A.B. asks: 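Have a look at the structure that comes next, please.
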Number of protein chains: 2
Amino acid sequence: MTTFFPPGTAPTEDAERACHQVLKVLQRIGDKWSLVLIGRLRHRTMRFGELHREITGISQRMLTLTLRQLERDGLVRRTVHATVPPKVEYALTELGVTLLEPVHALGLWAAEHRREIEDNRERYDAGAERGTR
Amino acid sequence: MTTFFPPGTAPTEDAERACHQVLKVLQRIGDKWSLVLIGRLRHRTMRFGELHREITGISQRMLTLTLRQLERDGLVRRTVHATVPPKVEYALTELGVTLLEPVHALGLWAAEHRREIEDNRERYDAGAERGTR
DNA sequence: CTGTATCCTTCTGGATACTG
DNA sequence: CAGTATCCAGAAGGATACAG
């Protein structure tokens with residue numbers, strides 16, 4: 001592939017396209033619930049109600065919508081058991097599992113620099129406050 | 001740090017917090033323009049108008065807002081030259097540069113699996129279409 | 001149990017006009 | 001040149017009720 005922004009490459013054409021791809025991925029998994037779901041399904045298959053109960057604050061609607069998106073992209077597999085009452089299980093696909101690694105890398109970055117970012121924000125906000133007085 | 005979802009760890013408490021951190025980072029850089037800006041500033045300092053001209057489709061408003069956010073987090077440094085007409089330059093900070101690596105990893109994943117995801121979507125949509133007939 | 005349908009609020013981002 | 005101020009449209013997401 002073309003690297004994200006290879007040194008020496010003018011940030012146009014290829015780079016623009018690559019950037020766009022990254023962006024689409026980030027926007028998909030960067031929405032409010034996708035990553036939470038992927039995290040929950042990291043170790044085991046889970047049922048709909050189980051996810052709904054254990055994920056704090058998610059609405060039934062968003063749980064369904066997010067699962068459908070992930071299923072559509074092939075990151076999650078949905079298995080319906082024809083029983084009464086119905087039983088539906090969700091699991092990561094192999095593709096879904098491969099996503100864990102890069103996301104984890106970003107997670108490490110976030111954890112490593114969280115404090116630094118918070119400090120930056122406080123400094124910035126303090127400066128802005130002085131500016132308005 | 002606590003890993004994103006360490007094997008053997010129940011996905012609660014620490015894991016939930018870690019997940020939340022990753023989520024916040026993804027939502028920040030996963031918005032419509034942050035990543036594009038970071039990509040553009042990868043190799044060199046750029047001026048406001050330059051960014052505005054070279055980034056296809058961005059509005060002046062969103063360029064300002066996004067740059068301010070990145071500046072607030074300490075990912076981008078804003079330098080004002082007291083000249084007439086004014087000249088303002090933007091550059092990645094060291095923190096901003098460290099973000100390039102994990103984002104690039106995600107970019108590689110996106111590029112590697114783009115086709116697979118597109119195929120998954122086509123298959124899924126085709127199936128959904130049949131289902132509604 | 002596992003959803004779908006509807007309504008409503010909030011947030012994001014674009015267009016446009018104006019300013020130091 | 002480098003913004004700020006407004007207004008507005010559309011998307012995202014929550015609450016609630018209903019259905020197979």
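Treat the numbers as computed from the prediction; the structure is a model and nothing was measured. Chain A is the first sequence line, chain B the second, and so forth, proteins listed ahead of strands; every chain is numbered from 1.
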A.B. asks: Measuring only between side-chain heavy atoms, which start at C-beta, is B:Val103 closer than 4.5 Å to B:Ile38?
C.D. replies: no
A.B. asks: Mind checking side chain to side chain contact (heavy atoms under 4.5 Å, CB included) for B:Arg44 and listing every partner two or more places apart, or none if nothing turns up?
C.D. replies: B:Met46, B:Glu50, B:Glu54
A.B. asks: Indicate yes or no: at least one non-hydrogen side-chain atom of A:Gln69 is less than 4.5 angstrom from one of A:Leu65.
C.D. replies: no
A.B. asks: Mind checking whether B:Ile58 and B:Val36 have side chains closer than 4.5 Å, heavy atoms only?
C.D. replies: no
A.B. asks: Assuming nearest nucleotide by heavy-atom distance, tell me which of B:Asp31 and A:Phe48 is located more 5' along DNA chain C.
C.D. replies: A:Phe48
A.B. asks: Do the non-hydrogen side-chain atoms of A:Val80 and A:Val88 ever get within less than 4.5 Å of each other?
C.D. replies: yes
A.B. asks: Name the stems that DNA chain C belongs to, where each is three or more consecutive Watson-Crick or G-U pairs with both distances under 3.5 Å?
C.D. replies: C:1-20 with D:1-20
A.B. asks: Within residues 58-65 of chain B, find the residues that approach DNA chain D with a heavy atom at under 4.0 Å, and present them sorted by residue number.
C.D. replies: B:Gln60, B:Arg61, B:Thr64
A.B. asks: Under a 4.5 Å cut-off applied to non-hydrogen side-chain atoms, are A:Trp109 and B:Leu99 in contact?
C.D. replies: yes
A.B. asks: Quick check on DNA chain D: between B:Gln27 and B:Arg68, whose nearest nucleotide comes earlier from the 5' end?
C.D. replies: B:Arg68
A.B. asks: Who are the salt bridge (charged side-chain N to carboxylate O under 4.0 Å, His left out) partners of A:Arg68, not counting sequence neighbours?
C.D. replies: none
A.B. asks: In this structure, are over 12 heavy atoms from other groups packed under 6.0 Å from A:Glu118 atom CD?
C.D. replies: yes
A.B. asks: Per the side-chain contact (heavy atoms from CB on, under 4.5 Å) rule, which among B:Arg53, B:Glu89, B:His52, B:His81 passes with B:Arg47?
C.D. replies: B:Glu89
A.B. asks: For A:Glu116, I'd like to know if atom CD has over 12 heavy atoms of other residues, nucleotides or ligands within 6.0 Å.
C.D. replies: yes
A.B. asks: Does any non-hydrogen side-chain atom of B:Ile117 lie less than 4.5 Å from one of A:Val25?
C.D. replies: no
A.B. asks: Quick check for you: name the first and last nucleotides of DNA chain D, 5' to 3', having an atom under 4.0 Å from a heavy atom of chain B.
C.D. replies: D:dC1 to D:dT6
A.B. asks: I want to check something: taking the side chain as every heavy atom from C-beta on, are A:Thr79 and A:Thr45 in contact at a cut-off of under 4.5 Å?
C.D. replies: no
A.B. asks: Would you check if B:Leu41 and B:Leu70 make a side-chain contact, meaning some heavy-atom pair closer than 4.5 Å?
C.D. replies: no
A.B. asks: Which is the 5'-most and which the 3'-most nucleotide of DNA chain C that has an atom under 4.0 Å from a heavy atom of chain B?
C.D. replies: C:dG13 to C:dG20
